[in-house]
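Read through the structure below, which is laid out as structure tokens, and then see the notes.
Computed from heavy atoms alone, side chains included, the values below leave out hydrogens, waters and symmetry copies.
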Amino acid sequence: AVVSTQSTGYITNNLRWCFLWPNGEMDQESIFCKARGAAQGLETLRQEHHRMIENLKAEPLADEPGTLEHEKLQIIQGNLEKIELGLNEAQVMISLHTHVNTIEAEKQKLRAQVRRLLQENTWLREELSNA
């Protein structure tokens, strides 16, 4: 089965669209879940396109320009490029989410450390004033 350029374009555009609510906002976890789901769907499409390319290349007329097989091969390869672009974009978003979560955890850890240091500083001031 050949996937049309329109359906591949829809999938790639839908990947970009699904990250925005009507008001343009979405929380990080929703974005992460949608990016991960989109990446899984795009990976499946990528594998299907690779199989279609292998099947078409096995046909004798696939390398001859102007034949239907060659034209199908060109279309599928173009779709595959778009799918891989969408997959790469989703992977970047997933990596960014992971990085932001790591930075947030570090920030929380530093805030807790500042609170402890402030408490210790206050205690030391009290001890000094009592001495």
Side-chain angles (χ1 to χ4, degrees):
V2 175
V3 176
S4 72
T5 304
Q6 289 177 336
S7 66
T8 305
Y10 168 77
I11 291 166
T12 306
N13 289 335
N14 192 32
L15 173 64
R16 290 186 187 108
W17 176 85
C18 74
F19 295 107
L20 296 177
W21 289 112
N23 65 358
E25 295 178 10
M26 205 172 184
D27 70 333
Q28 287 183 11
E29 282 305 312
S30 296
I31 292 171
F32 174 70
C33 289
K34 288 194 179 285
R36 190 176 55 207
Q40 290 170 347
L42 287 169
E43 180 60 35
T44 301
L45 270 177
R46 187 175 74 81
Q47 292 171 0
E48 289 174 9
H49 276 66
H50 277 296
R51 281 192 294 274
M52 287 189 285
I53 288 172
E54 288 174 15
N55 291 339
L56 276 172
K57 283 185 176 180
E59 295 192 19
L61 299 175
D63 292 333
E64 294 183 31
T67 62
L68 181 60
E69 289 81 5
H70 183 73
E71 193 173 322
K72 285 181 184 179
L73 187 60
Q74 298 292 16
I75 291 170
I76 293 171
Q77 287 173 334
N79 289 345
L80 182 59
E81 289 175 13
K82 292 174 187 173
I83 290 168
E84 288 175 345
L85 174 64
L87 186 57
N88 289 338
E89 289 176 354
Q91 289 169 342
V92 166
M93 293 179 84
I94 291 168
S95 295
L96 182 60
H97 173 76
T98 303
H99 180 68
V100 166
N101 281 347
T102 302
I103 289 172
E104 276 296 318
E106 184 67 25
K107 189 167 96 176
Q108 292 298 328
K109 192 167 95 175
L110 291 172
R111 283 185 180 159
Q113 185 178 5
V114 165
R115 279 193 301 274
R116 283 191 303 272
L117 289 172
L118 286 173
Q119 289 171 350
E120 183 180 343
N121 191 20
T122 302
W123 178 79
L124 287 171
R125 284 178 193 256
E126 289 174 1
E127 287 294 315
L128 255 168
S129 67
N130 292 336

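- Judged as a side chain to side chain donor-acceptor pair (under 3.5 Å), not a single pair has a partner in residues 110-123 (not counting sequence neighbours).
- Taken from NE2 in His50 to CD in Gln77, the straight-line distance is 10.0 Å, to the nearest 0.5 Å.
- Counting side-chain heavy-atom gaps under 4.5 Å among Ile, Leu, Val, Met, Phe, Trp and Tyr, Leu117 is found in no cluster with other residues.
- Of all heavy-atom pairs spanning His49 and Leu80, the tightest one is CB-CD1, 3.8 Å.
- Partners of Glu29 under the salt bridge (charged side-chain N to carboxylate O under 4.0 Å, His left out) rule, at least two apart in sequence or in another chain, do not exist in this structure.
- Pairs engaging residues 90-99 under the salt bridge (Lys or Arg N to Asp or Glu O under 4.0 Å) rule: none recorded [sequence neighbours left out].
- Here ring-ring contact (aromatic ring centres under 6.0 Å, His included) pairs that include residues 92-114, with residues two or more places apart or in two chains, are Phe32-His97.
- Applying the under-4.5 Å side-chain rule to Ile, Leu, Val, Met, Phe, Trp and Tyr, the cluster around Leu118 extends to Val114.
- When hydrophobic residues (I, L, V, M, F, W, Y) are linked wherever their side-chain heavy atoms come within less than 4.5 Å, the members clustered with Leu96 are Val100.
- Expressed to the nearest 0.5 Å, how far CD of Glu54 lies from CD1 of Ile76 amounts to 11.5 Å.
- Qualifying side-chain hydrogen bond (donor to acceptor under 3.5 Å, both in side chains) partners for Lys107, counting only residues two or more places apart in sequence or in other chains: Glu104.
- Side-chain contact check for Asn88 versus Gln91: some heavy-atom pair is nearer than 4.5 Å.
- Between the CG atom in Leu68 and the CD atom in Glu59 there is a gap of 9.0 Å [rounded to 0.5 Å].
- When all heavy atoms of Ala35 and Ala90 are compared, the closest pair comes out as O-CB, 3.8 Å.
- The minimum heavy-atom distance between Leu42 and Leu87, with the atom names listed, is CD1-N, 3.5 Å.
- Listed by chain and residue number, Glu48 satisfy the side chain to side chain contact (heavy atoms under 4.5 Å, CB included) test with Thr44 (two or more places apart in sequence, or in another chain).
- The salt bridge (charged side-chain N to carboxylate O under 4.0 Å, His left out) test applied to Glu81 returns no partner, not counting sequence neighbours.
- Here Arg46 pairs with Glu43 under the salt bridge (charged side-chain N to carboxylate O under 4.0 Å, His left out) rule; sequence neighbours left out.
- When all heavy atoms of Leu73 and Ile53 are compared, the pair lying nearest together is CD1-CG2, 3.9 Å.
- Among residues at least two apart or in separate chains, side chain to side chain donor-acceptor pair (under 3.5 Å) pairs with a member in residues 62-71 are His70-Gln74.
- Atom CE of Met93 sits about 11.5 Å away from atom NZ of Lys34, to the nearest 0.5 Å.
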